[in-house]
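Structure record follows, encoded as structure tokens.
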Amino acid sequence: MTDSAETNRDGTFRSGFVCFVGRPNTGKSTLTNALVGDKVAITSNRPQTTRHTIRGIVNRPDAQLILVDTPGLHKPRTLLGQRLNDLVRETYSEVDVIGVCIPADEAIGPGDRRIIDEIMATTPRTRKVGIVTKIDRVSPDKVAERLMELSTIMGPDAEVVPCSAKSGKQLDVLGDVLVSLCEEGPAFYPDGELTDEPEQVLMAEFIREAALEGIRDELPHSLAVVIEEVIPRDDSDLVDVHAILFVERDSQKGIIIGRKGARLKEVGTTARAQIERLLGTRIYLDLHVKVAKDWQRDPKQLGRLGF
């Protein structure tokens, strides 16, 4: 427990692992960042942006929540897709609380129902909360409608909370509900830590996020980033970061690089600012784009790329 830890009304300090699950693009990463209060997960309006289980740490006087942001569950079309789904299922079987994320601006469909049914069947003893996200996008009537739907599907015992990560509305309520569902226990991480992700993983994710901005639909699934080297310079406070962006086809390589390298330069500028903030020092970011043909379907290449 941290030195500054206070207690809940019942005299306890609570801690636990909370997993957010749902279809791709239901606001899980944005919600994780909002609750943590800083950027630990990359976000995009593209489905399946998240490819790792990112752990964000919420430090409160009365509790510590470890938020596990997972890839969206989906019908896999590749070996990568299968491995991402396996990662989600492995994660939600091991946490203390599962938060099912449903966006307020979309009807609850067969994909949502399938995910909820699977969670209910495979983790009957795990505490659950239904989370209606993106409530800033719709009217109060539509939010109420979605809450009723979700409550009916999840059953009378499940708590259901509406919130907006973008506006911050109801985030404090969601935090209180998540804490109430956790058991009494010590803090797992020192006060002030926001994530346990290795710096190189976060650097690669920031580069991938920058590369995903404003590109065509088929490319997000074909893009992977590997940090080759991180080398501090002896004669200055500058750090050299060398990274490779892998795509599956030559045509995709052209999209990433852009006309006369303009697109790749833009990616580097955006990612460099994020990485400098992460490392707390100036960096020189060296980016190269390579083709790894059909890597999403090749077990050996998936292994080399960290999947």
Side-chain angles (χ1 to χ4, degrees), residues 16-32 35 41-56 65-135 143 145-163 165 174 177-178 180-183 220-221 296-297 299 302 307:
F17 287 77
V18 179
C19 174
F20 292 142
V21 298
R23 285 184 294 104
N25 210 24
T26 53
K28 301 180 294 294
S29 297
T30 308
L31 184 59
T32 297
L35 286 166
I42 70 169
T43 59
S44 169
N45 58 4
R46 305 289 183 190
Q48 295 168 47
T49 301
T50 302
R51 283 196 182 147
H52 303 272
T53 52
I54 306 292
R55 297 214 284 222
L65 300 173
I66 298 89
L67 306 181
V68 187
D69 175 37
T70 60
L73 278 168
H74 60 289
K75 282 187 176 178
R77 295 189 178 90
T78 63
L79 182 58
L80 172 65
Q82 287 176 19
R83 289 190 178 177
L84 295 183
N85 276 354
D86 291 344
L87 187 65
V88 180
R89 293 185 175 109
E90 184 183 317
T91 301
Y92 72 57
S93 67
E94 296 174 349
V95 295
D96 303 297
V97 181
I98 297 172
V100 180
C101 294
I102 300 287
D105 60 344
E106 295 178 37
I108 295 179
D112 300 301
R113 292 174 186 273
R114 188 172 62 248
I115 290 167
I116 294 169
D117 288 345
E118 180 180 324
I119 289 168
M120 292 299 187
T122 56
T123 59
R125 295 182 182 175
T126 306
R127 294 171 178 177
K128 301 168 185 72
V129 57
I131 305 169
V132 175
T133 61
K134 307 183 184 183
I135 63 170
V143 172
E145 182 184 320
R146 204 65 73 239
L147 287 168
M148 287 294 292
E149 274 184 287
L150 187 53
S151 184
T152 301
I153 297 168
M154 292 187 67
D157 295 335
E159 296 225 34
V160 180
V161 181
C163 68
L174 176 60
V177 169
L178 294 174
S180 74
L181 294 173
C182 291
E183 299 285 348
H221 315 297
Q296 292 185 81
R297 294 171 172 81
L302 278 172
F307 300 104

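Quick note: residue numbers are just sequence positions, from 1.
Under the 3.5 Å distance criterion, the side-chain polar atoms of Ser151 are left unmatched by any main-chain donor or acceptor of Leu147. Remark: the backbone N or O of Glu106 is paired with a side-chain donor or acceptor of Arg146 at under 3.5 angstrom. Between the side chain of Asp117 and the backbone N or O of Arg114 there is no donor-acceptor pair closer than 3.5 Å. Formation of a donor-acceptor pair under 3.5 Å by the Lys128 side chain with backbone atoms of Thr123 is found in this model. Looking at Thr30, its side chain never comes within 3.5 Å of a backbone N or O of Gly27 through a donor-acceptor pair. Side-chain atoms of Thr133 never come within 3.5 Å of backbone atoms of Cys101 as a donor-acceptor pair (strictly under, hydrogens ignored).
The CD1 atom of Ile102 sits 5.0 Å away from the CD1 atom of Ile108 when rounded to the nearest 0.5 Å. Between atom CG of residue Asp96 and atom CG of residue Leu65 there is a gap of 10.0 Å, rounded to the nearest 0.5 Å. In this structure, the separation between CG on Leu150 and CD on Glu145 is 12.5 Å, given to the nearest 0.5 Å. With rounding to the nearest 0.5 angstrom, the CD1 atom of Ile98 is 12.0 Å from the CZ atom of Phe20.
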Between Leu31 and Leu174, does a side-chain contact (heavy atoms from CB on, under 4.5 Å) hold up when you go through it step by step?
CA-CA 10 Å; Leu31 184 59; Leu174 176 60; 3.9 Å; yes

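The nearest pair of heavy atoms linking Ile115 to Gly22 is CD1-C, 3.7 Å. Closest non-hydrogen pair, Thr26 versus Pro103, comes out as CG2-CD, 3.6 Å. The two residues Pro162 and Val143 come nearest to each other via the heavy atoms CB-CG1, 3.8 Å. In this structure, Cys182 and Gly16 approach most closely via the heavy-atom pair SG-CA, 3.8 Å. Residue Val21 comes nearest to Lys28 through the heavy atom pair C-CD, 3.6 Å, listed as atom of the first residue, atom of the second, then distance. Pairing each heavy atom of Lys134 with each of Asn25, the nearest pair is NZ-O, 3.1 Å.
Val129 pairs in a side chain to side chain contact (heavy atoms under 4.5 Å, CB included) with only one of the listed residues (Val177, Val160, Val18), which is Val177.
The side-chain heavy atoms of Thr126 and Ile119, taken from C-beta on, include no pair separated by under 4.5 Å.
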